[in-house]
Amino acid sequence: MAKVLTITLNPAIDVTIQLNELQIGEVNRQESVEIHAAGKGLNIAQVLKDLGHEVVVSGFLGAINRQIFDDHFKEAQFQSEFIYIEGETRQNIKIAEHSGRMTDLNGKGFFVSELDKKHLFQKIEMILPLVDVVAIAGSLPQGFSVDELKQLIKLIQAQGKKVALDTSGKALVAAIECQPWMIKPNTDELVESYQLPATTYAEQKMLFENLAKIEHVVISMGEDGVNWLHDTHPLHATAPKVIVKSTVGAGDSLLAGMIHGLLSGFSAEETLKTATAIASHAVTQVGFRIPNTEKLNQLKAQTTINSLSESDANC
(Lines give C-alpha, C1' and ligand atoms only; values in the text may rest on other atoms or scores of the structure.)
Protein backbone atom coordinates (compact mmCIF):
# COMPACT_ATOMS: atom_id res chain seq x y z
CA MET A 1 0.00 0.00 0.00
CA ALA A 2 0.99 3.63 -0.48
CA LYS A 3 1.91 6.38 1.94
CA VAL A 4 -0.25 9.49 1.63
CA LEU A 5 0.13 12.94 3.18
CA THR A 6 -3.10 14.85 3.78
CA ILE A 7 -2.97 18.58 4.50
CA THR A 8 -5.83 20.26 6.36
CA LEU A 9 -5.14 23.98 6.59
CA ASN A 10 -8.35 24.92 8.41
CA PRO A 11 -9.58 21.92 10.46
CA ALA A 12 -12.56 21.96 12.77
CA ILE A 13 -14.25 20.26 15.66
CA ASP A 14 -17.54 19.01 14.22
CA VAL A 15 -20.51 19.02 16.57
CA THR A 16 -23.25 17.01 14.82
CA ILE A 17 -26.71 17.33 16.34
CA GLN A 18 -29.36 14.85 15.26
CA LEU A 19 -33.04 15.70 15.47
CA ASN A 20 -36.28 14.84 13.72
CA GLU A 21 -36.86 18.16 11.95
CA LEU A 22 -35.36 21.60 12.51
CA GLN A 23 -37.99 24.16 13.49
CA ILE A 24 -36.62 27.64 12.75
CA GLY A 25 -37.25 30.10 15.59
CA GLU A 26 -38.51 27.37 17.91
CA VAL A 27 -37.05 25.32 20.74
CA ASN A 28 -35.61 22.12 19.22
CA ARG A 29 -34.76 19.01 21.23
CA GLN A 30 -31.79 17.00 20.06
CA GLU A 31 -31.92 13.22 19.84
CA SER A 32 -28.15 12.81 20.01
CA VAL A 33 -24.94 14.74 19.59
CA GLU A 34 -21.57 13.56 18.30
CA ILE A 35 -18.30 15.47 18.49
CA HIS A 36 -15.45 14.70 16.09
CA ALA A 37 -12.01 16.00 15.28
CA ALA A 38 -12.67 16.93 11.67
CA GLY A 39 -11.53 18.61 8.52
CA LYS A 40 -11.63 17.37 4.94
CA GLY A 41 -8.01 16.24 4.94
CA LEU A 42 -8.53 14.27 8.15
CA ASN A 43 -11.65 12.64 6.73
CA ILE A 44 -9.67 11.57 3.65
CA ALA A 45 -6.92 10.25 5.91
CA GLN A 46 -9.42 8.14 7.88
CA VAL A 47 -10.82 6.48 4.76
CA LEU A 48 -7.35 5.82 3.32
CA LYS A 49 -6.23 4.36 6.64
CA ASP A 50 -9.26 2.05 6.70
CA LEU A 51 -8.34 0.96 3.16
CA GLY A 52 -4.89 -0.09 4.34
CA HIS A 53 -2.71 2.88 3.40
CA GLU A 54 -0.21 4.58 5.65
CA VAL A 55 -1.11 8.21 6.29
CA VAL A 56 0.65 11.32 7.51
CA VAL A 57 -1.51 14.29 8.51
CA SER A 58 -0.46 17.91 8.60
CA GLY A 59 -1.74 21.48 8.56
CA PHE A 60 -2.53 23.93 11.35
CA LEU A 61 -4.21 23.30 14.72
CA GLY A 62 -5.04 25.62 17.60
CA ALA A 63 -2.99 24.83 20.70
CA ILE A 64 -5.77 25.63 23.18
CA ASN A 65 -8.19 22.85 22.21
CA ARG A 66 -5.75 20.40 20.64
CA GLN A 67 -6.54 17.44 22.93
CA ILE A 68 -9.45 16.08 20.87
CA PHE A 69 -7.16 15.97 17.82
CA ASP A 70 -4.25 14.42 19.69
CA ASP A 71 -6.56 11.70 20.99
CA HIS A 72 -7.93 11.11 17.49
CA PHE A 73 -4.48 10.83 15.93
CA LYS A 74 -3.43 8.31 18.57
CA GLU A 75 -6.57 6.20 18.17
CA ALA A 76 -6.43 6.30 14.34
CA GLN A 77 -2.67 5.69 14.31
CA PHE A 78 -1.99 8.73 12.17
CA GLN A 79 1.51 10.14 11.97
CA SER A 80 0.84 13.74 12.95
CA GLU A 81 3.01 16.53 11.59
CA PHE A 82 0.64 19.39 12.42
CA ILE A 83 1.85 22.87 13.30
CA TYR A 84 0.26 24.01 16.57
CA ILE A 85 -0.47 27.72 16.66
CA GLU A 86 -1.92 30.25 19.11
CA GLY A 87 -5.68 30.19 19.54
CA GLU A 88 -8.42 27.62 19.13
CA THR A 89 -9.44 25.38 16.27
CA ARG A 90 -12.92 26.40 15.10
CA GLN A 91 -16.13 24.52 15.80
CA ASN A 92 -18.64 23.63 13.08
CA ILE A 93 -22.22 22.95 14.16
CA LYS A 94 -24.04 20.48 11.91
CA ILE A 95 -27.77 19.88 12.33
CA ALA A 96 -28.77 16.54 10.81
CA GLU A 97 -32.49 15.90 10.25
CA HIS A 98 -34.20 12.55 9.63
CA SER A 99 -34.90 13.61 6.04
CA GLY A 100 -31.16 13.74 5.37
CA ARG A 101 -31.09 17.53 5.21
CA MET A 102 -27.99 18.99 6.83
CA THR A 103 -27.68 22.57 8.12
CA ASP A 104 -24.12 23.78 8.69
CA LEU A 105 -22.99 26.62 10.95
CA ASN A 106 -19.28 26.84 10.23
CA GLY A 107 -16.81 28.68 12.45
CA LYS A 108 -14.49 31.31 10.99
CA GLY A 109 -11.26 29.73 12.13
CA PHE A 110 -7.96 30.96 13.54
CA PHE A 111 -5.45 33.39 12.01
CA VAL A 112 -2.08 32.02 10.86
CA SER A 113 1.01 34.19 11.09
CA GLU A 114 3.96 34.44 8.72
CA LEU A 115 5.99 32.35 11.17
CA ASP A 116 3.26 29.70 11.29
CA LYS A 117 3.29 29.46 7.50
CA LYS A 118 7.07 29.28 7.39
CA HIS A 119 7.06 26.38 9.84
CA LEU A 120 4.41 24.53 7.83
CA PHE A 121 6.28 24.86 4.54
CA GLN A 122 9.47 23.64 6.20
CA LYS A 123 7.62 20.68 7.71
CA ILE A 124 5.98 19.72 4.40
CA GLU A 125 9.29 19.93 2.54
CA MET A 126 10.82 17.49 5.03
CA ILE A 127 7.94 15.00 4.73
CA LEU A 128 7.61 14.96 0.93
CA PRO A 129 10.44 12.48 0.16
CA LEU A 130 8.66 9.90 2.35
CA VAL A 131 5.20 9.96 0.68
CA ASP A 132 3.69 8.97 -2.66
CA VAL A 133 0.74 11.36 -2.99
CA VAL A 134 -0.40 14.54 -1.25
CA ALA A 135 -4.07 15.48 -0.73
CA ILE A 136 -4.89 19.09 0.16
CA ALA A 137 -8.48 19.55 1.23
CA GLY A 138 -10.76 22.12 2.78
CA SER A 139 -10.93 25.87 3.16
CA LEU A 140 -8.10 28.30 3.84
CA PRO A 141 -7.63 29.83 7.31
CA GLN A 142 -7.41 33.55 7.88
CA GLY A 143 -3.99 34.84 6.90
CA PHE A 144 -3.35 32.13 4.29
CA SER A 145 -3.83 33.52 0.77
CA VAL A 146 -4.64 31.76 -2.49
CA ASP A 147 -1.16 32.71 -3.70
CA GLU A 148 0.31 30.84 -0.74
CA LEU A 149 -1.85 27.85 -1.63
CA LYS A 150 -0.32 27.95 -5.13
CA GLN A 151 3.11 28.20 -3.54
CA LEU A 152 2.39 25.10 -1.44
CA ILE A 153 1.18 23.12 -4.47
CA LYS A 154 4.25 24.11 -6.49
CA LEU A 155 6.53 23.11 -3.61
CA ILE A 156 4.98 19.64 -3.65
CA GLN A 157 5.10 19.34 -7.43
CA ALA A 158 8.75 20.44 -7.49
CA GLN A 159 9.60 17.23 -5.64
CA GLY A 160 7.74 15.16 -8.23
CA LYS A 161 4.76 14.36 -6.00
CA LYS A 162 1.17 14.09 -7.20
CA VAL A 163 -1.33 16.52 -5.71
CA ALA A 164 -5.03 15.73 -5.22
CA LEU A 165 -7.10 18.72 -4.24
CA ASP A 166 -10.58 19.41 -2.87
CA THR A 167 -11.47 23.03 -2.15
CA SER A 168 -13.79 25.70 -3.51
CA GLY A 169 -14.14 29.32 -4.57
CA LYS A 170 -11.02 31.36 -5.22
CA ALA A 171 -8.87 28.60 -3.74
CA LEU A 172 -10.18 26.13 -6.33
CA VAL A 173 -9.52 28.56 -9.19
CA ALA A 174 -5.97 29.18 -7.95
CA ALA A 175 -5.30 25.48 -7.47
CA ILE A 176 -6.52 24.57 -10.97
CA GLU A 177 -4.02 27.07 -12.41
CA CYS A 178 -1.27 24.88 -10.88
CA GLN A 179 -2.44 21.80 -12.82
CA PRO A 180 -2.76 19.33 -9.93
CA TRP A 181 -2.97 15.59 -10.60
CA MET A 182 -6.59 15.40 -9.41
CA ILE A 183 -9.40 17.70 -8.31
CA LYS A 184 -12.81 16.78 -6.89
CA PRO A 185 -15.23 19.71 -7.06
CA ASN A 186 -18.99 19.36 -7.01
CA THR A 187 -21.20 21.08 -9.53
CA ASP A 188 -22.18 23.89 -7.14
CA GLU A 189 -18.52 24.68 -6.46
CA LEU A 190 -17.73 24.85 -10.17
CA VAL A 191 -20.65 27.18 -10.86
CA GLU A 192 -19.71 29.35 -7.88
CA SER A 193 -16.05 29.51 -8.88
CA TYR A 194 -16.44 30.21 -12.60
CA GLN A 195 -19.96 31.65 -12.92
CA LEU A 196 -20.60 29.22 -15.79
CA PRO A 197 -23.01 26.28 -16.13
CA ALA A 198 -21.43 22.95 -15.11
CA THR A 199 -24.24 20.52 -14.44
CA THR A 200 -23.94 18.36 -17.59
CA TYR A 201 -20.99 16.54 -19.10
CA ALA A 202 -21.12 18.85 -22.12
CA GLU A 203 -20.90 21.94 -19.89
CA GLN A 204 -18.16 20.41 -17.74
CA LYS A 205 -16.11 19.34 -20.74
CA MET A 206 -16.37 22.79 -22.29
CA LEU A 207 -15.37 24.45 -19.02
CA PHE A 208 -12.24 22.35 -18.55
CA GLU A 209 -11.18 22.61 -22.17
CA ASN A 210 -10.57 26.29 -21.42
CA LEU A 211 -8.72 25.67 -18.14
CA ALA A 212 -5.35 24.23 -17.20
CA LYS A 213 -4.64 20.59 -18.06
CA ILE A 214 -5.59 18.26 -15.17
CA GLU A 215 -5.25 14.50 -15.47
CA HIS A 216 -8.21 13.54 -13.25
CA VAL A 217 -11.26 15.79 -12.87
CA VAL A 218 -13.79 14.05 -10.62
CA ILE A 219 -17.09 15.93 -10.34
CA SER A 220 -19.63 14.89 -7.71
CA MET A 221 -23.21 15.67 -8.66
CA GLY A 222 -25.25 14.45 -5.69
CA GLU A 223 -28.10 12.18 -6.70
CA ASP A 224 -27.00 12.50 -10.34
CA GLY A 225 -23.84 10.53 -9.63
CA VAL A 226 -20.21 11.23 -10.50
CA ASN A 227 -18.49 12.30 -13.71
CA TRP A 228 -14.81 11.50 -14.17
CA LEU A 229 -13.34 13.65 -16.94
CA HIS A 230 -10.26 11.99 -18.42
CA ASP A 231 -8.69 12.12 -21.89
CA THR A 232 -8.81 8.37 -22.52
CA HIS A 233 -11.63 7.05 -20.32
CA PRO A 234 -14.27 9.64 -19.29
CA LEU A 235 -16.81 7.82 -17.15
CA HIS A 236 -20.08 8.37 -15.31
CA ALA A 237 -21.09 6.54 -12.14
CA THR A 238 -24.70 6.11 -11.07
CA ALA A 239 -24.70 5.63 -7.30
CA PRO A 240 -26.82 3.04 -5.46
CA LYS A 241 -29.97 4.20 -3.71
CA VAL A 242 -29.38 4.47 0.03
CA ILE A 243 -31.07 6.08 3.03
CA VAL A 244 -29.23 9.36 3.66
CA LYS A 245 -28.34 10.09 7.26
CA SER A 246 -25.64 12.73 6.74
CA THR A 247 -23.88 14.06 3.65
CA VAL A 248 -20.83 15.14 5.66
CA GLY A 249 -17.75 13.30 4.44
CA ALA A 250 -19.24 11.92 1.23
CA GLY A 251 -17.03 14.02 -1.03
CA ASP A 252 -13.98 13.27 1.09
CA SER A 253 -14.77 9.56 0.89
CA LEU A 254 -15.11 9.81 -2.90
CA LEU A 255 -11.72 11.49 -3.27
CA ALA A 256 -10.06 8.98 -0.92
CA GLY A 257 -11.60 6.12 -2.90
CA MET A 258 -10.29 7.56 -6.18
CA ILE A 259 -6.79 7.93 -4.73
CA HIS A 260 -6.97 4.36 -3.39
CA GLY A 261 -8.04 2.89 -6.71
CA LEU A 262 -5.42 4.69 -8.75
CA LEU A 263 -2.59 3.93 -6.30
CA SER A 264 -3.69 0.29 -6.17
CA GLY A 265 -3.59 -0.12 -9.95
CA PHE A 266 -7.33 -0.74 -10.36
CA SER A 267 -8.90 -0.35 -13.78
CA ALA A 268 -10.68 2.94 -14.41
CA GLU A 269 -14.09 1.30 -14.03
CA GLU A 270 -13.15 -0.48 -10.80
CA THR A 271 -11.61 2.70 -9.39
CA LEU A 272 -14.73 4.78 -9.95
CA LYS A 273 -17.07 2.00 -8.84
CA THR A 274 -15.15 1.51 -5.59
CA ALA A 275 -14.95 5.24 -4.86
CA THR A 276 -18.64 5.77 -5.56
CA ALA A 277 -19.63 2.84 -3.35
CA ILE A 278 -17.49 4.18 -0.48
CA ALA A 279 -19.07 7.64 -0.87
CA SER A 280 -22.56 6.13 -0.98
CA HIS A 281 -21.90 4.32 2.30
CA ALA A 282 -20.61 7.55 3.87
CA VAL A 283 -24.01 9.25 3.60
CA THR A 284 -25.68 6.45 5.56
CA GLN A 285 -23.78 7.32 8.75
CA VAL A 286 -22.45 10.14 10.89
CA GLY A 287 -18.72 9.60 10.41
CA PHE A 288 -16.30 8.51 7.73
CA ARG A 289 -15.58 4.83 8.21
CA ILE A 290 -15.72 2.55 5.19
CA PRO A 291 -18.06 -0.46 5.07
CA ASN A 292 -16.89 -4.01 5.65
CA THR A 293 -15.94 -6.02 2.56
CA GLU A 294 -19.35 -7.64 2.21
CA LYS A 295 -21.24 -4.35 2.40
CA LEU A 296 -18.78 -2.63 0.07
CA ASN A 297 -19.22 -5.38 -2.51
CA GLN A 298 -23.01 -5.05 -2.25
CA LEU A 299 -22.80 -1.30 -2.90
CA LYS A 300 -20.37 -1.82 -5.79
CA ALA A 301 -22.79 -4.32 -7.35
CA GLN A 302 -25.48 -1.62 -7.23
CA THR A 303 -23.21 1.02 -8.81
CA THR A 304 -23.43 1.45 -12.58
CA ILE A 305 -20.49 2.72 -14.65
CA ASN A 306 -21.00 4.08 -18.17
CA SER A 307 -18.62 5.66 -20.66
CA LEU A 308 -19.04 9.32 -21.49
CA SER A 309 -18.84 9.77 -25.24
CA GLU A 310 -18.57 12.67 -27.68
CA SER A 311 -22.32 12.40 -28.23
CA ASP A 312 -22.81 13.06 -24.50
CA ALA A 313 -20.55 16.10 -24.75
CA ASN A 314 -22.63 17.49 -27.62
CA CYS A 315 -25.93 17.21 -25.78
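Please read all numbers here as calculations on a predicted model, not as lab measurements. Values reported hereafter were calculated over all heavy atoms of this structure, with side chains retained and with hydrogens, waters and symmetry mates removed.
Residues Ile136 and Val131 share a hydrophobic cluster, clusters being chains of Ile/Leu/Val/Met/Phe/Trp/Tyr side chains in contact below 4.5 Å. Residues Leu196 and Leu211 fall within the same hydrophobic cluster, defined by Ile, Leu, Val, Met, Phe, Trp and Tyr side chains chained together at heavy-atom separations under 4.5 Å. The cluster map of Ile, Leu, Val, Met, Phe, Trp and Tyr, joined by side-chain heavy atoms under 4.5 Å apart, puts Ile124 and Val134 in the same cluster. Taken together through direct or relayed side-chain contacts under 4.5 Å among Ile, Leu, Val, Met, Phe, Trp and Tyr, Phe266 and Leu255 form parts of separate hydrophobic clusters. Cluster annotation: Leu272 is not connected to Val242 through the hydrophobic network of ILVMFWY side chains, with a link wherever side-chain heavy atoms come within less than 4.5 Å.
Residue Phe60 comes nearest to Leu9 through the heavy atom pair CD1-O, 3.5 Å, listed as atom of the first residue, atom of the second, then distance. Closest heavy-atom contact between Ala38 and Pro11: O-CB, 3.4 Å. When every heavy atom of Ser193 is checked against every heavy atom of Ser168, the shortest pair comes out as OG-C, 4.2 Å. Gly39 and Thr8 get closest at one heavy-atom pair: CA-CG2, 3.9 Å. The two atoms that bring Ala171 and Leu149 nearest to each other are O-CD2, 3.6 Å, heavy atoms only. For the residue pair Thr89 and Gly62, the shortest heavy atom distance occurs at OG1-N, 2.8 Å.
Comment: Lys118 does not engage Glu114 in a salt bridge, judged by the lack of any side-chain N to carboxylate O separation of less than 4.0 angstrom. Contact check on Asp132 versus Lys3 returns no salt bridge, with no Lys/Arg side-chain nitrogen under 4.0 Å from an Asp/Glu carboxylate oxygen. With respect to Glu270 and Lys300, a salt bridge is recorded, a charged nitrogen being found less than 4.0 Å from a carboxylate O.
Remark: Glu223 CD is loosely packed, at most 12 non-hydrogen atoms of other residues, nucleotides or ligands lying under 6.0 Å away. Within 6.0 Å of CD in Gln23 there are more than 12 heavy atoms belonging to other residues, nucleotides or ligands. Counted within 6.0 Å of CE on Met1, heavy atoms from surrounding residues, nucleotides or ligands total more than 12; the atom is thus considered enclosed. Around atom CD1 of Ile243, no more than 12 heavy atoms belonging to other residues, nucleotides or ligands sit under 6.0 Å away. Applying the 6.0 Å contact sphere to CD of Glu86 captures no more than 12 heavy atoms from other residues, nucleotides or ligands. More than 12 heavy atoms of other shown residues, nucleotides or ligands fall within 6.0 angstrom of atom CD in Glu31. Around CD of Glu209, the count of heavy atoms belonging to other residues, nucleotides or ligands within 6.0 Å exceeds 12.
In this structure, a donor-acceptor pair under 3.5 Å is present between the side chains of Ser139 and Asn10. When only modelled atom types and interatomic distance are considered, Ser58 and Lys123 share no side-chain donor-acceptor pair under 3.5 Å. With hydrogens and angles left out, the side-chain atoms of Gln18 and His98 include no donor and acceptor closer than 3.5 Å. Remark: the Asn227 side chain and the Gln204 side chain contain an N/O donor-acceptor pair separated by less than 3.5 Å. Side chain to side chain, Asn210 and Tyr194 fail the donor-acceptor criterion of an N or O pair below 3.5 Å. At a cut-off of 3.5 Å, with distance as the only test, a side-chain donor of Glu203 or Thr199 sits close to an acceptor on the other residue. Side chains of Asp50 and Gln46: a donor on one and an acceptor on the other come within 3.5 Å. Gln157 and Gln159 form no side-chain donor-acceptor contact under 3.5 Å, judged by distance and modelled atom types alone. A donor atom on one side chain and an acceptor atom on the other are not found under 3.5 Å apart for Asn306 and His236.
Side-chain atoms of Lys108 and Gln142, non-hydrogen and from C-beta on, do get closer than 4.5 Å to each other. Between Phe144 and Lys117, the closest side-chain pair of non-hydrogen atoms falls below 4.5 Å. The side-chain heavy atoms of Leu48 and His260, taken from C-beta on, include a pair separated by under 4.5 Å. Contact check for Ile278 versus Leu51: side-chain heavy atoms found under the 4.5 Å cut-off. Within the 4.5 Å cutoff, side-chain heavy atoms of Ile214 are placed close to those of Ile176. Inter-residue side-chain proximity for Asp166 and Ile183 is flagged as unmet; no heavy-atom pair is nearer than 4.5 Å.
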Problem - Lys161 vs Trp181, side-chain contact (heavy atoms from CB on, under 4.5 Å): CA-CA, chis, key distance, verdict - result: CA-CA 9 Å; Lys161 304 300 179 179; Trp181 172 64; over 6 Å; no
Exercise for the section: List the steps, then state whether side-chain contact (heavy atoms from CB on, under 4.5 Å) holds for Lys154 with Cys178. Expected result: CA-CA 7 Å; Lys154 290 175 181 177; Cys178 297; 4.0 Å; yes
Exercise for the section: Quick one: do Glu81 and Gln79 satisfy side chain to side chain donor-acceptor pair (under 3.5 Å)? Show the steps, please. Expected result: CA-CA 7 Å; Glu81 298 292 346; Gln79 177 185 334; 3.0 Å; yes
Exercise for the section: Start with the C-alpha gap between Ser220 and Lys184, add the side-chain angles, then the distance that decides, and say whether side chain to side chain donor-acceptor pair (under 3.5 Å) holds. Expected result: CA-CA 7 Å; Ser220 55; Lys184 192 228 61 67; 3.3 Å; yes
Exercise for the section: For the pair Leu190 and Leu207, evaluate side-chain contact (heavy atoms from CB on, under 4.5 Å) and give the outcome as yes or no after the intermediate values. Expected result: CA-CA 9 Å; Leu190 287 176; Leu207 173 62; 4.2 Å; yes
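Between atom CZ of residue Phe121 and atom CG of residue Asp116 there is a gap of 12.0 Å, rounded to the nearest 0.5 Å. Note that CD of Glu189 and OG1 of Thr167 are 7.5 Å apart. Values are rounded to the nearest 0.5 Å. Atoms NE2 and NE2, on His36 and His72 in that order, are 9.5 Å from each other to the nearest 0.5 Å. Put simply, CG on Asn65 and CD1 on Ile13 are 4.0 Å apart, with the number rounded to the nearest 0.5 Å. The line from CD of Gln122 to CD1 of Ile83 is 8.5 Å long, rounded to the nearest 0.5 Å. His216 NE2 to Leu262 CG: the interatomic distance, rounded to the nearest 0.5 Å, is 4.5 Å.
The backbone N or O of Leu22 sits less than 3.5 Å from a side-chain atom of Glu97, completing a donor-acceptor pair. Remark: side-chain polar atoms of His233 are not paired, donor with acceptor, to backbone N or O of Ala268 under 3.5 angstrom. Of the possible polar contacts, one joining the Asn186 side chain to the Asp188 backbone as a donor-acceptor pair under 3.5 Å is found. Side-chain N or O atoms of Asn92 include one that pairs as donor or acceptor with a backbone N or O of Gly107 at under 3.5 Å. With hydrogens and angles disregarded, a donor-acceptor distance shorter than 3.5 Å links the side chain of Asn292 to the backbone of Glu294. Without hydrogens or angle criteria, Glu34 side chain to Val15 main chain gives no donor-acceptor distance under 3.5 Å. Looking only at distances, a side-chain donor or acceptor of Thr284 sits under 3.5 Å from a matching main-chain atom of His281.
A ring-centre distance under 6.0 Å is found for Phe73 and Phe82.
Remark: Arg66 is positioned above the aromatic ring of Tyr84, its terminal NZ or CZ atom under 6.0 angstrom from the ring centre and at most 45 degrees off the axis.
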